[in-house]
A.B. asks: 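Here's a structure for you.
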2 protein chains.
Amino acid sequence: MNKSEAISGQAANETSDLSKARLRAWLQILKVSRKIEGELREKMRLEFGSTLPRFDVLAALYRERDGMRMSELSKSLMVSNGNVTGIVDRLVAEGLVVRMPVENDRRASIVKLTKAGEKDFAERALVHEGWVSDLFSDLSSGDADALIRILRNISHHNEAP
Amino acid sequence: MNKSEAISGQAANETSDLSKARLRAWLQILKVSRKIEGELREKMRLEFGSTLPRFDVLAALYRERDGMRMSELSKSLMVSNGNVTGIVDRLVAEGLVVRMPVENDRRASIVKLTKAGEKDFAERALVHEGWVSDLFSDLSSGDADALIRILRNISHHNEAP
DNA sequence: CACAAATATTTTAAGTTTGAAATATCTGTC
DNA sequence: GACAGATATTTCAAACTTAAAATATTTGTG
């Protein structure tokens, strides 16, 4: 019996209880996030005739009212560059955002909410927050704080790996 | 000032602190689940030359060794029917699963792991659990239990709505 | 200044995902 | 037994997503 077996009481190729607990935690995160995302996607489609990825881009731009570069957007949303290109294209077609040239750098462009984009998002964000609160109506204030604390730990450990 | 204003001290169209805490919790869930999914996707691609959706289907079939119907698969994975069709098509092409006719119901089919599928998945599942445990290495046993408890609450409230 | 390396973005191909329509089959009712 | 409605799955178009290749531009170095 090797050292880790002596400690854990398991054969070397078996996985620990802790490892299994973490796997269960991950599967539960995945389950909740799929369920909630599905609900929000449907509401978004039925109420706003729009999609979650577009909402996410609008939300990012609403926080940075001066606009963001494509690369800042994709980093902030944790999706690929090419992905953002398509979403922004559609938001431009809808008249909710504009692409503007960047002074002294003709490679880059700044994406910015239009007036219509600001107005639309402000309205949608309120409704969205209500949906989320309803979907999480069993989540007490204390549990919300605990959840946020635990998840932030995980986030930070996996920050920029 | 109306009753809810008197209680919350906020104008009627503002959202409550609890609502905001729930929104933050949801955004944190989303952030962690995107980050972890991205990491796992990359490892899956580099180490196994495969994808997460395929892994998910194999995992479901590994739990139900007698096989599952397409509709059972899509309900279990919480994805659409049409989605499962494509994933299973690719797994069939790889020789990891088979489609079998259902006695007395020619509309349906049972999807089942092949021997190769069982063997491949068993190996991959161990490695996968290791990856997850590493990504969650800051998650203590107690926090894992708390996380699971809180997320199950949310799941149950949104069960089949 | 030339030009290699770096950076910002778009394009592309393949895969995933959805929601709706289409197809095939089954079940209950008359 | 006919056949309307229900059920199981596939097909389809559109959108999303990634990773890699391509394009355009900037920056640093000799």
Side-chain angles (χ1 to χ4, degrees), chain A residues 30 33-58 67-94 97-111, chain B residues 30 33-58 67-94 97-111:
Chain A
L30 211 47
S33 104
R34 278 200 195 166
K35 172 63 88 178
I36 303 293
E37 246 187 298
E39 298 288 337
L40 292 177
R41 178 192 306 115
E42 184 178 9
K43 289 176 193 297
M44 205 64 79
R45 181 175 58 87
L46 296 176
E47 304 288 319
F48 300 150
S50 190
T51 67
L52 279 176
R54 290 178 209 187
F55 184 83
D56 291 343
V57 167
L58 295 179
M68 298 170 82
R69 292 182 174 216
M70 295 297 285
S71 46
E72 289 176 321
L73 263 176
S74 69
K75 173 169 289 193
S76 154
L77 302 174
M78 294 194 294
V79 300
S80 67
N81 268 338
N83 188 354
V84 176
T85 298
I87 313 283
V88 167
D89 284 350
R90 288 174 202 106
L91 288 172
V92 169
E94 293 182 79
V97 311
V98 283
R99 265 186 254 247
M100 299 183 319
V102 173
E103 195 82 1
N104 297 329
D105 191 344
R106 282 182 298 174
R107 296 169 303 180
S109 60
I110 295 274
V111 185
Chain B
L30 212 46
S33 104
R34 275 197 198 168
K35 172 63 87 177
I36 303 293
E37 245 186 299
E39 299 288 338
L40 292 177
R41 180 193 304 115
E42 185 179 9
K43 291 176 192 294
M44 205 64 80
R45 181 177 59 87
L46 297 176
E47 304 286 319
F48 300 152
S50 191
T51 66
L52 278 175
R54 291 178 208 186
F55 184 83
D56 291 344
V57 168
L58 295 179
M68 299 171 82
R69 293 183 174 215
M70 295 298 285
S71 45
E72 289 176 321
L73 263 178
S74 69
K75 173 168 290 190
S76 154
L77 302 176
M78 295 193 294
V79 299
S80 67
N81 270 337
N83 188 354
V84 176
T85 297
I87 313 284
V88 166
D89 284 350
R90 289 177 199 105
L91 288 171
V92 168
E94 294 182 77
V97 312
V98 284
R99 264 186 253 247
M100 298 183 318
V102 173
E103 195 81 0
N104 296 329
D105 191 345
R106 284 180 298 173
R107 294 169 304 179
S109 59
I110 295 274
V111 185

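These numbers come from a predicted model, not from an experiment. Naming: A, B, ... by sequence-line order, numbering from 1 per chain.
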A.B. asks: Roughly, in whole Å, what's the span from CG in B:L77 to P in C:dT16?
C.D. replies: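 It is 13 Å, rounded to the nearest whole Å.
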
A.B. asks: Rounded to whole angstrom units, what separation is found between the CG atom of A:L30 and the C1' atom of C:dT17?
C.D. replies: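 My rounded result for the distance is 15 Å.
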
A.B. asks: So what does B:S80 hit on the nucleic acid, given a heavy-atom distance under 4.0 Å: a base, only sugar-phosphate, or nothing?
C.D. replies: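 Base: the residue B:S80, judged by heavy atoms under 4.0 Å, touches a nucleobase.
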
A.B. asks: Can you tell me how far P of D:dT18 sits from CD1 of A:I87, to the nearest Å?
C.D. replies: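 Going from CD1 in A:I87 over to P in D:dT18 covers 9 Å.
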
A.B. asks: Got a second to check how far B:N81's CG is from B:K75's NZ, nearest 0.5 Å?
C.D. replies: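 It is 10.0 Å, given to the nearest 0.5 Å.
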
A.B. asks: Should A:N83 be listed as having a side-chain N or O under 4.0 Å from OP1 or OP2 of D:dC16?
C.D. replies: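 So the side chain of A:N83 is outside the cut-off, no N or O lying under 4.0 Å from OP1 or OP2 of D:dC16.
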
A.B. asks: Which whole-number value in Å describes the distance from A:L52 CG to D:dA15 C1'?
C.D. replies: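 Atom CG in A:L52 sits about 12 Å away from atom C1' in D:dA15.
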
A.B. asks: A:G86 near the nucleic acid: base, sugar-phosphate alone, or nothing, with a heavy-atom cut-off under 4.0 Å?
C.D. replies: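 No contact at all - A:G86 keeps every heavy atom at 4.0 Å or more from the nucleic acid.
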
A.B. asks: Please determine whether a side-chain nitrogen or oxygen atom of A:S71 lies at a distance below 4.0 Å from atom OP1 or OP2 of C:dT7.
C.D. replies: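 Checking A:S71 against C:dT7: no side-chain N or O falls below 4.0 Å of OP1 or OP2.
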
A.B. asks: Can you tell which of C:dG19, D:dA8, C:dT9 lies closest to the side chain of A:R41?
C.D. replies: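 Selected nucleotide: C:dG19.
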
A.B. asks: What integer distance in Å separates B:M70:CE from C:dT17:C1'?
C.D. replies: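 Result: 14 Å.
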
A.B. asks: Contact class for A:R34 vs. all strands (heavy atom < 4.0 Å): base, sugar-phosphate, or nothing?
C.D. replies: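 The answer is nothing, as A:R34 stays clear of every strand by at least 4.0 Å.
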
A.B. asks: To the nearest 0.5 Å, tell me how far A:T51 OG1 sits from A:R41 CZ.
C.D. replies: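 The distance works out to 9.5 Å.
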
A.B. asks: Working to the nearest 0.5 angstrom, can you tell me the gap between B:L30 CG and A:D56 CG?
C.D. replies: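 Separation between the atoms: 6.5 Å.
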
A.B. asks: Within this structure, what is the CG-to-P distance between A:N81 and C:dT7, rounded to whole angstrom?
C.D. replies: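 Checked: the CG to P distance equals 13 Å.
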
A.B. asks: Closest-nucleotide mapping onto DNA chain D: is B:E42 or A:R90 further toward the 5' terminus? I mean the 5' end.
C.D. replies: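 The residue closer to the strand's 5' end, by nearest nucleotide, is A:R90.
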
A.B. asks: Specify the residue among B:G38 and A:T51 whose closest nucleotide of DNA chain D lies further upstream toward the 5′ end.
C.D. replies: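 Of the two residues, A:T51 wins.
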
A.B. asks: Going through the checks in order, is the side-chain contact (heavy atoms from CB on, under 4.5 Å) test met by B:L58 and B:V97?
C.D. replies: CA-CA 8 Å; B:L58 295 179; B:V97 312; 3.9 Å; yes

A.B. asks: In whole angstrom, give the distance that lies between atom CZ of A:R45 and atom C1' of C:dG19.
C.D. replies: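 So the two atoms are 6 Å apart, to the nearest Å.
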
A.B. asks: Which heavy atom of A:S74 sits nearest to which heavy atom of A:V84, and what is that distance?
C.D. replies: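 Reported closest heavy-atom pair: CB-CG2, 3.5 Å.
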
A.B. asks: For DNA chain C, what residues of residues 98-106 of chain A have any heavy atom nearer than 4.0 Å?
C.D. replies: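 Those residues are A:R99.
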
A.B. asks: Side chain of A:R107 only, heavy atoms from C-beta on: which candidate in D:dT26, C:dT17, D:dA15 is closest?
C.D. replies: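 Comparing D:dT26, C:dT17, D:dA15 against the side chain of A:R107, the answer is D:dT26.
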
A.B. asks: Given atom CE of A:M78 and atom P of D:dT18, what is their separation to the nearest angstrom?
C.D. replies: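 Between P of D:dT18 and CE of A:M78: 10 Å.
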
A.B. asks: Can you check whether B:P101 reaches B:R106 side chain to side chain, under 4.5 Å on heavy atoms?
C.D. replies: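 When only atoms from C-beta onward are counted, B:R106 and B:P101 do not touch, as no gap falls below 4.5 Å.
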
A.B. asks: Rounded to the nearest 0.5 Å, what's the gap from CD1 on A:I110 to CE on A:M68? Could you check?
C.D. replies: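 Rounded to the nearest 0.5 Å, the CD1-CE separation comes out at 9.5 Å.
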
